[in-house]
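Everything quoted here is computed from the prediction, not taken from an experiment.
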Amino acid sequence: KMAAPSAPGPSQPREGLPTLFIPRTAAEEQRVRLERLMRNPEKTVPIPEKLNEWAPRPPPEFVRDVMGSSAGAGSGEFHVYRHLRRREYQRQDFMDAMAEKQKLDEEFQKKLERNKMIAEEQTAKRRRKRQKLKEKKLQAKKNKLEQKKKEK
């Protein structure tokens, strides 16, 4: 005679508690996150703000006692020089990249303006054509009415 267990064993899920689910794919992980969000739809969802672009530190105003790799420099001086040089190269690369980006943005804006002007010219040309046809029809109608009046 077997007695019913008083407490659920490890193989039996407890009521009220969610079972542990380990997602194996990115889709499953996404599904689990969405289910967690949809459990309480009234709860606000934190939306992360856009991170600011990286910008280098400004160059130092005055660099003291940097001998570089020249004779007479201490054992730690070259490392200071190396870091300053690396930072300066990073700053110059950043400035070049920003200038290139600005140039591309300006070219894109010019291209947009050019396309807009071309579209407006086409629209104006078609509008003139429609007006011309409309006037032609009106003129034909007037001529027809005058012909009828003359015949009567």
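For the atom pair CG (L84) and CD (E88), the distance works out to 9.0 Å, reported to the nearest 0.5 Å. In this structure, the separation between CD on E135 and NZ on K142 is 9.5 Å, given to the nearest 0.5 Å. The NZ atom of K141 sits 9.5 Å away from the NZ atom of K144 when rounded to the nearest 0.5 Å. Here CD of E100 is found 10.5 Å from CG of D105. Values are rounded to the nearest 0.5 Å. Atom-to-atom distance recorded for K110:NZ and E107:CD is 7.5 Å, nearest 0.5 angstrom. Atom CG of L104 sits about 10.5 Å away from atom CD of Q102, to the nearest 0.5 Å.
Among residues two or more places apart in sequence or in another chain, the salt bridge (charged side-chain N to carboxylate O under 4.0 Å, His left out) test is passed with E53 by K101.
Looking at Q90 and W54, their side chains come closer than 4.5 Å, going by heavy atoms from C-beta outward. Annotation: side chain of H79 is in contact with side chain of R82 (closest heavy-atom distance under 4.5 Å).
The local environment of CZ in F21 is crowded, with over 12 non-hydrogen atoms from other residues, nucleotides or ligands closer than 6.0 Å. Surrounding CG of L138 are more than 12 heavy atoms belonging to other residues, nucleotides or ligands, all under 6.0 Å away.
Evaluation of the side chain to side chain donor-acceptor pair (under 3.5 Å) test over residues 112-124, restricted to residues two or more places apart or in two chains, returns none.
Across all non-hydrogen atoms, the minimal contact from E28 to R24 is OE1-N, 2.7 Å. When every heavy atom of F94 is checked against every heavy atom of A55, the shortest pair comes out as CZ-CA, 4.0 Å.
The residue from N40, L34, V32 that alone fulfils the side chain to side chain contact (heavy atoms under 4.5 Å, CB included) condition with R36 is V32.
With respect to the salt-bridge test (charged N to carboxylate O, under 4.0 angstrom), the residues E29 and R33 qualify. Between R31 and E35 there is a salt bridge, with a side-chain nitrogen of the basic residue lying less than 4.0 Å from a carboxylate oxygen of the acidic one.
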